[in-house]
Q: 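Got a structure for you, written out below as structure tokens; questions coming shortly.
Heavy-atom basis, side chains included; hydrogens, waters and symmetry copies ignored. Every chain is numbered from 1, with letters handed out A, B, ... down the list of sequences.
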Protein chains: 2
Amino acid sequence: MRHTPLADGDEQGGDTGSSIYERLRDEIISGRVKANERLKVSELASRMGTSTNPIREALQQLRGEGFVLMTQNRGARVRPIDEDFVRDICEIEVLIEPALTRWFVGIATTGDIDDLERVQAEIEALNYADEEKHSDLDLQFHRLMYDRHYNRHAVDLWIRHRQILGAIGRGFPTSLSRQTSVIEEHRQLIACVKAQDAEGASRVIAQHVEGSGRSIIERLRLRKRRG
Amino acid sequence: MRHTPLADGDEQGGDTGSSIYERLRDEIISGRVKANERLKVSELASRMGTSTNPIREALQQLRGEGFVLMTQNRGARVRPIDEDFVRDICEIEVLIEPALTRWFVGIATTGDIDDLERVQAEIEALNYADEEKHSDLDLQFHRLMYDRHYNRHAVDLWIRHRQILGAIGRGFPTSLSRQTSVIEEHRQLIACVKAQDAEGASRVIAQHVEGSGRSIIERLRLRKRRG
DNA sequence: AACTTTCAGATCGTACATTATTTGTCAACA
DNA sequence: TGTTGACAAATAATGTACGATCTGAAAGTT
């Protein structure tokens with residue numbers, strides 16, 4: 001399995017376990033650094049306890065991924081992660097995920113369905129008691145469907161978008177209505193796969209992604225109010 | 001220490017026109033460096049006539065964009081730009097571009113249609129006499145439709161994918177059958193916009209992208225044979 | 001008031017030190 | 001004789017330091 005889109009292996013970093021890149025990215029996505037704020041390399045270097053070079057390279061990587069905007073001799077700025085950004089990503093996923101799902105319906109075995117049902121059972125048993133654990137299970141659920149798709153580029157895109165959306169909502173609880181929707185939609189999805197109904201599965205996923213987007217935007221608004 | 005301004009280099013400008021990043025990216029996309037080949041910073045530095053830092057930063061940016069793969073303490077490698085890669089990108093575009101087109105049909109004014117027809121007239125007048133000029137006109141044509149879309153993320157993705165596909169086929173002529181298809185599809189597209197037929201336009205674009213993908217893969221095969 | 005000069009602060013490029021990996025050599029062993 | 005394993009040297013990536021250049025804005029001049 002060759003997937004690893006951007007995941008560089010673990011880093012010894014020094015201070016924390018995660019790399020400079022991950023720390024910076026998380027600060028941007030989670031909103032700890034404000035939109036359009038300037039990112040000065042020397043300041044970041046002293047704050048992270050390294051020299052400037054690792055910072056510069058991390059910023060370039062983030063630039064490539066579109067999280068920071070840079071201009072010649074004028075440094076880097078934070079790309080705003082706002083409601084529009086979330087909407088844009090979700091709209092793209094509404095197009096991509098149904099296509100991935102449709103393909104999965106065509107190749108799914110009874111073993112795959114068993115796996116889905118097992119994860120889904122865990123999700124329902126947990127019932128959002130632990131946010132991080134739920135997020136991990138939900139990732140597993142969708143990964144079971146998408147991971148073996150031949151279009152690695154599309155899957156990598158999905159993974160990256162998912163990481164972004166996940167980081168945005170982190171720390172703010174999911175609404176009850178959204179919780180029930182997620183579980184219901186997962187069940188419908190499994191039913192469609194069983195019935196070999198690719199069109200139905202595709203529709204359910206589109207609705208699932210759209211609902212997820214709305215939920216995240218809600219949490220984004222909450223975050224704005226509380227800081 | 002004065003920094004040597006690439007005096008001996010045969011490259012133009014250098015400031016913003018052809019940065020290290022762009023040169024490296026072009027070498028990867030155009031296939032001048034082989035798939036999975038190792039990219040050594042010191043070697044690249046001497047070859048490009050700079051120190052290692054600009055190279056490292058360019059590599060990080062390319063990593064963020066997915067053109068090079070890096071592992072800790074083991075350097076960078078060229079991500080293979082092969083038929084699968086083209087197919088993956090085109091499949092994503094087959095999903096995205098119809099959505100962008102559908103939106104355009106909804107907001108197009110008569111002025112927009114005039115612009116489209118003017119560019120299309122230029123394309124037909126040129127009739128593929130100049131490859132680079134045609135590519136530029138074709139970009140203009142599609143940009144007229146997509147550029148004002150609210151989903152900047154999707155448009156950026158489209159632009160990036162288009163640059164990649166454009167660079168892959170560069171230097172190899174488009175087949176005659178493809179040439180006529182392109183012109184025909186553009187005409188159909190304009191007709192659909194005029195008739196406010198969003199579904200039809202969407203279908204035409206999907207076919208357009210698919211044909212483009214097939215054409216590029218053909219040229220990729222040609223390139224492989226001739227080196 | 002508009003233009004020029006000056007200067008602090010930040011980015012960018014170069015050189016060097018450190019650390020990890022790869023390579024090459026050679027002896028021990030089946 | 002061919003293979004394996006350990007160890008040393010070479011090679012390359014990563015981190016640190018510093019000088020050069022650019023930007024932005026305040027201070028000074030006409």
Q: Going by the rule salt bridge (Lys or Arg N to Asp or Glu O under 4.0 Å), which residues pair with B:Glu122 if we only count those two or more places apart in sequence or in a different chain?
A: none
Q: Can you see if the side chain of B:Ser51 gets near the phosphate of C:dG13 - specifically, an N or O under 4.0 Å from OP1 or OP2?
A: no
Q: So does B:Arg74 get a side-chain nitrogen or oxygen closer than 4.0 Å to the phosphate oxygens (OP1/OP2) of C:dT22?
A: yes
Q: Taking only Lys NZ, Arg NE, NH1 and NH2, and the carboxylate oxygens of Asp or Glu, determine whether A:Arg87 and A:Asp84 approach each other closer than 4.0 Å.
A: yes
Q: For DNA chain C, determine which residues of residues 53-62 of chain B have any heavy atom closer than 4.0 angstrom to one of its atoms, and list them numerically.
A: B:Asn53, B:Pro54
Q: Can B:Asp82 and B:Lys224 be counted as an ion pair, charged N to O under 4.0 angstrom?
A: no
Q: Taking 4.0 angstrom as the limit, do B:Arg143 and B:Asp112 come out as a salt bridge?
A: no
Q: From CD1 of B:Ile20 over to C1' of C:dT11, roughly how many Å is that when rounded to an integer?
A: 16 Å
Q: Can a salt bridge be assigned to the pair A:Arg23 and A:Asp26 using a cut-off of 4.0 Å between side-chain N and carboxylate O?
A: no
Q: Rounded to the Å, how far apart are B:Leu44 CG and D:dA12 P?
A: 11 Å
Q: B:Glu43 CD to D:dA10 P: how many Å, rounded?
A: 20 Å
Q: By salt bridge (Lys or Arg N to Asp or Glu O under 4.0 Å), which residues pair with A:Glu218, not counting sequence neighbours?
A: A:Arg221
Q: Tell me: CD of A:Gln72 to P of D:dC22, nearest whole Å?
A: 10 Å
Q: Rounded to whole angstrom units, what separation is found between the CG atom of B:Asn73 and the P atom of D:dA13?
A: 10 Å
Q: When you match A:Thr52 and B:Ala76 each to their closest nucleotide on DNA chain D, which lands nearer the 5' end?
A: B:Ala76
